[in-house]
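Data block below; observations after.
Note on naming: letters A, B, ... go to the chains in the order of the sequence lines (proteins, then strands), and numbering restarts at 1 for each one.
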Number of protein chains: 2
Amino acid sequence: MNTEERTFERYLRSQGLKFTVQRKLILRKVFAMHDHFEADDLATEFRLEGKKLSRATVYRTLPLLVQCGLIREVQFGENHAHYEQTMGHQHHDHLICVTCGKVVEFCDDSIEQLQDDVCAKHGFQLESHSLEIKGYCNHCWKRICSSASSVSTRDDEERAR
Amino acid sequence: MNTEERTFERYLRSQGLKFTVQRKLILRKVFAMHDHFEADDLATEFRLEGKKLSRATVYRTLPLLVQCGLIREVQFGENHAHYEQTMGHQHHDHLICVTCGKVVEFCDDSIEQLQDDVCAKHGFQLESHSLEIKGYCNHCWKRICSSASSVSTRDDEERAR
DNA sequence: GTGCTTGCAAACCCTTTGCAAGATG
DNA sequence: CATCTTGCAAAGGGTTTGCAAGCAC
């Protein structure tokens, strides 16, 4: 059993909850995901692998993983939840390309520091923060500049897959 | 006709769209709102005033107002959209109390500058950004510290209304 | 008139929940 | 064996959409 599993099990027991097969499978899948994922991504993968694990269980388990600090919820401006691992990933924020949807992670200590200052100034006790910058990535920006008439949108990209 | 209306009308015409009664009513209501609002807030107000204006029309109109720059969408970590006016409101970000839900607006030029730098470093062309800091407001933090056993949650606050 | 808009209701997506059957400690 | 958990399917919010009737230009 690895670190995440021990952390999760300890958390569950501390709450009088049980470390079930399903919860273990979800934990493993979450830690096998690269980058960001949605609740539905997990459910779909389980279905594809032929593992019986209902959407409801996924939706019930993710908040537990958030509560014990193994994952965090991130906002990408869409009206549904996205998650990412916290372990082995220091805190970071996201740059999102509004054209192709590409997400770039970045970390900036100065910004973090200034956020602490803002909190202090307004008498807030900081708990978490999320900074989401939207713009055009290098690739898309060049394409827009070179041919303003035929811009590929995120929809086009998705259709192309 | 005031500035917002002229802006909206000009935008609509430029797109071959029409400046209907409903669109004018929604625009006015939006500019009569204080702070932040949700699509449903508008629909509900119209209903209360006895004005016939369907939810569908509100949902169809808000994106138009975003596209012409009169309002912007803001994320508060809930899985549905919130909006705020842009005119007369310089760019700002939000501090959100995780306990009582209070939202405080703030503006920090240094943070803005650093965001520009981050974009430049990653070859992004900045389009917009949103910084959302969650924490405990002064009031809630004191209450938590003084009585760790009886913390009022946002749910409690809502129930109390 | 032509074409964009509206209202309605149904559909949609993401998420939550009640319940009876099944697992866990 | 008491309790927590699961899967199912139904319900729940917020949002979108097809369609026929209604307006704007």
**Asked** If you look at every strand shown and take non-hydrogen atoms under 4.0 Å, does A:R60 touch a base, only sugar-phosphate, or nothing?
**Response** base
**Asked** Is a donor-acceptor pair below 3.5 Å formed from side chain A:R13 to base C:dG25, judging by atom type as modelled?
**Response** no
**Prompt:** Given C:dC8, D:dT15, D:dA9, which nucleotide is nearest the side-chain atoms of A:A56?
**Reply:** D:dA9
**Rounded interatomic separation in angstrom, taking CD from B:Q15 and C1' from C:dG3** = 16 Å
**Message:** Do the side chains of B:E132 and B:K134 get close enough for a salt bridge, i.e. N-O under 4.0 angstrom?
**Reply:** yes
**Message:** Can you tell whether the side chains of A:R28 and A:E5 come within less than 4.0 Å, N to carboxylate O?
**Reply:** yes
**Message:** Measure CG/A:L12 against P/D:dT5 and give the value in whole Å, please.
**Reply:** 8 Å
**Prompt:** To the side chain of A:K18, which of D:dC25, C:dT6, D:dC4 is closest?
**Reply:** D:dC4
**Asked** Can we say A:K29 and A:E49 salt-bridge, meaning some charged N sits less than 4.0 Å from an Asp/Glu carboxylate O?
**Response** yes
**Asked** Just how far, in rounded Å, is P of D:dC23 from CZ of B:R23?
**Response** 15 Å
**Asked** Taking for each residue the nucleotide of DNA chain D with the nearest heavy atom, is it A:S54 or B:D40 whose nucleotide lies nearer the 5' end?
**Response** A:S54
**Asked** Which heavy atom of A:R72 sits nearest a heavy atom of A:Q85, and at what distance?
**Response** NH1-O, 4.4 Å
**Request:** Rounded to the nearest angstrom, tell me the gap between atom CD in B:E9 and atom C1' in D:dA24.
**Result:** 12 Å
**Asked** To the nearest Å, how far apart are A:E73 CD and C:dT15 P?
**Response** 8 Å
**Message:** Go nucleotide by nucleotide along DNA chain C from the 5' end; which of B:L17 and A:F19 gets its closest nucleotide reached first?
**Reply:** B:L17
**Request:** Give the rounded distance in Å between these two atoms: NE2 of B:H80 and C1' of D:dG12.
**Result:** 14 Å
**Asked** How long is the line joining NZ of A:K52 and P of D:dC8, in whole Å?
**Response** 8 Å
**Prompt:** Side chains of B:Y11 and B:Q67: do they bring a donor and an acceptor to under 3.5 Å?
**Reply:** yes
**Asked** In whole Å, what is the span from the CG atom of B:L62 to the P atom of D:dT15?
**Response** 9 Å
**Message:** Does a side-chain N or O of A:Y59 approach OP1 or OP2 of C:dT16 to a distance below 4.0 Å, or not?
**Reply:** no
**Prompt:** Looking only at side-chain N and O atoms, does B:T20 come under 4.0 Å of OP1 or OP2 in C:dC4?
**Reply:** no
**Message:** For a quick test of reading the model: is some side-chain N or O of B:N79 closer than 4.0 Å to OP1 or OP2 of C:dT15?
**Reply:** yes
